[in-house]
Protein chains: 2
Amino acid sequence: MTQRPVPFDALDRKIVAALVENARTSFTEIGAAVGLSATAVKRRVDRMREDGVITGFTTTVRPAALGWRTEAYVEVYCDSAAPPRRLAEVVRDYPEIMAAMTVTGGADALLHVRARDVEHFEEVLERIRAEPFIRKTISYMVLSHLLTASPEAGAALAAPEDPAAAADPTGDA
Amino acid sequence: MTQRPVPFDALDRKIVAALVENARTSFTEIGAAVGLSATAVKRRVDRMREDGVITGFTTTVRPAALGWRTEAYVEVYCDSAAPPRRLAEVVRDYPEIMAAMTVTGGADALLHVRARDVEHFEEVLERIRAEPFIRKTISYMVLSHLLTASPEAGAALAAPEDPAAAADPTGDA
DNA sequence: AATGAAAAGTGTTGGCA
DNA sequence: TGCCAACACTTTTCATT
């Protein structure tokens, strides 16, 4: 496993929470909120980036504003001979595929796809289905969002219900 | 519809792309890259925030580092009487639910759930299934990620294949 | 080990052309 | 939109606990 037991205390958690809420918050301001100097905050952030706890700072956009108005989840069924690695390569060639993962259940993989419109989505789907080792696909078009959670661990940070999880991120203890 | 035809040119797109790649990039640096003064970049970013094109700046973390090591997509089947609005309310009470949306197909909704481990996930699932109007659920546990795309529209921004989409984000023309 | 204070460099932001 | 100036933030160095 590539999971080192990275030390991670309550102060780190608060800093990450602040940065998840707004990645452009100044270290000075975060420091004032958590009771640390800007210097100390910066050092902790640098360390968390080194440790791979923080993987980046990004901007969230309303996809529709950029012309991506169609969204779907697609179950992919492969020939039993095709290894996940092969699928990973294929998936990389599609800018419309936002995420791809192997899952339990009948399907071999689940794809998160965005397209400009239904026509574009159909075109993407046809391309995917034409891939040699793909047997069939089942699409679930997204109709409306019931919850627009903060990206990734936003909610997670807000609710660290289990103290053990925070104290020992690896859970190997 | 809440979709105003927001003007959005190539320069805006480049600026957003830069900020999606790194939300902490300085306006000065972005300006140098796109051929604009820092002031002009700031004004465009402010405008895009006003217009709702940019919805926020956030930090991406490795969920496992925060103690969230289990992930699943859950199809939810409701009593036909239950309106989506009702589901939206329920879903808000679960910090483990990262995203929820109504979808086409047999299921009424699809949930993206994160949990500390399989035990925690089972506990969450039991709570969800105990909700009065939920008839059944089908879970797809995520085994491995084949693609860790940049959050949301990262890939989309990198590949604005269709010029029409950029020139007229609403597509109403 | 980790912190804070200070200094120098850089970025932000509002006014004005 | 750009330029400029005041202010704020970042980041390195050095000293402290």
Side-chain angles (χ1 to χ4, degrees), chain A residues 3-61 65-66 157 160 163-170 172-173, chain B residues 4-62 65-67 157 166-169:
Chain A
Q3 214 115 288
R4 290 162 297 173
V6 177
F8 188 80
D9 65 20
L11 237 37
D12 287 328
R13 190 171 280 267
K14 281 186 195 168
I15 292 169
V16 172
L19 286 171
V20 166
E21 197 191 300
N22 179 5
R24 287 183 78 94
T25 310
S26 72
F27 297 148
T28 306
E29 190 180 329
I30 295 170
V34 305
L36 232 45
S37 69
T39 312
V41 172
K42 181 196 186 299
R43 274 190 291 242
R44 280 170 179 260
V45 170
D46 287 347
R47 194 204 67 220
M48 288 190 278
R49 279 169 63 86
E50 282 259 321
D51 292 345
V53 173
I54 291 174
T55 54
F57 304 106
T58 190
T59 298
T60 54
V61 302
L66 295 172
L157 287 160
D168 175 25
T170 64
D172 295 338
Chain B
R4 290 162 298 174
V6 177
F8 188 80
D9 65 18
L11 237 36
D12 287 328
R13 189 171 281 267
K14 280 185 195 168
I15 291 169
V16 173
L19 286 171
V20 166
E21 198 191 299
N22 179 4
R24 287 182 78 95
T25 309
S26 72
F27 297 149
T28 306
E29 190 180 330
I30 295 170
V34 305
L36 231 45
S37 70
T39 312
V41 172
K42 180 197 188 297
R43 276 192 288 245
R44 279 169 178 259
V45 170
D46 287 346
R47 194 204 67 221
M48 287 191 279
R49 278 170 64 85
E50 282 259 319
D51 292 346
V53 173
I54 290 175
T55 55
F57 304 106
T58 191
T59 297
T60 54
V61 303
R62 191 163 47 85
L66 295 172
L157 287 161
D168 175 26

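A, B, ... follow the sequence lines: proteins, then strands. Residue 1 opens every chain.
One N or O on the side chain of A:D9 and one on the backbone of A:L11 form a donor-acceptor pair closer than 3.5 Å. In this structure, B:T25 contributes its side chain and B:I30 its backbone to no donor-acceptor pair below 3.5 Å.
Toward the 5' end of DNA chain C, the nearer of the two residues A:A40 and B:T25, judged by each one's closest nucleotide, is A:A40. Mapping A:L36 and B:S26 onto DNA chain C via the closest heavy atom, the residue that lands nearer the 5' end is A:L36.
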With side chain to side chain donor-acceptor pair (under 3.5 Å) as the test, would you mind laying out the steps for A:T60 and B:T58 before giving the verdict?
CA-CA 7 Å; A:T60 54; B:T58 191; over 6 Å; no
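A donor-acceptor contact under 3.5 Å links the side chain of B:T39 to the base of D:dC3.
We find that CG of A:L19 is positioned 10 Å from P of D:dT10, with the value rounded to whole Å. A straight line from CG of A:D46 to C1' of D:dT11 spans 9 Å, rounded to a whole angstrom. In this structure, B:F57 atom CZ and C:dG11 atom C1' are separated by 14 Å, rounded to whole Å. Atom CZ in A:R43 sits roughly 12 Å away from atom C1' in D:dT16 (whole-Å rounding). Residue B:K42 contributes atom NZ, which lies 19 Å from atom P of D:dA6 at whole-angstrom precision. The separation between A:R47 atom CZ and C:dT3 atom P is 8 Å, rounded to whole Å. The separation between A:E50 atom CD and C:dA2 atom P is 13 Å, rounded to whole Å. A straight line from CD1 of B:I30 to P of D:dT1 spans 14 Å, rounded to a whole angstrom.
Of the nucleotides present, none pairs with C:dA1 by Watson-Crick or G-U wobble criteria with both distances under 3.5 Å. When both distances must be under 3.5 Å, the Watson-Crick or G-U wobble mate of D:dT17 does not exist.
Remark: B:T28 is in phosphate contact with C:dT12, judged by side-chain N or O atoms under 4.0 Å from OP1 or OP2. Close to D:dT10, at under 4.0 Å from its OP1 or OP2, lies a side-chain N or O of B:R24. The side chain of B:R44 contributes an N or O atom lying less than 4.0 Å from OP1 or OP2 of D:dT1.
Contact check for B:M48 versus B:I15: side-chain heavy atoms found under the 4.5 Å cut-off.
Taking the centre and axis of the six-membered ring of B:F27, the NZ or CZ atom of A:R24 falls inside the cone set by 45° and 6.0 Å.
In this structure, of C:dT3, C:dT13, D:dT1, it is C:dT13 that holds the atom nearest to the side chain of B:F27.
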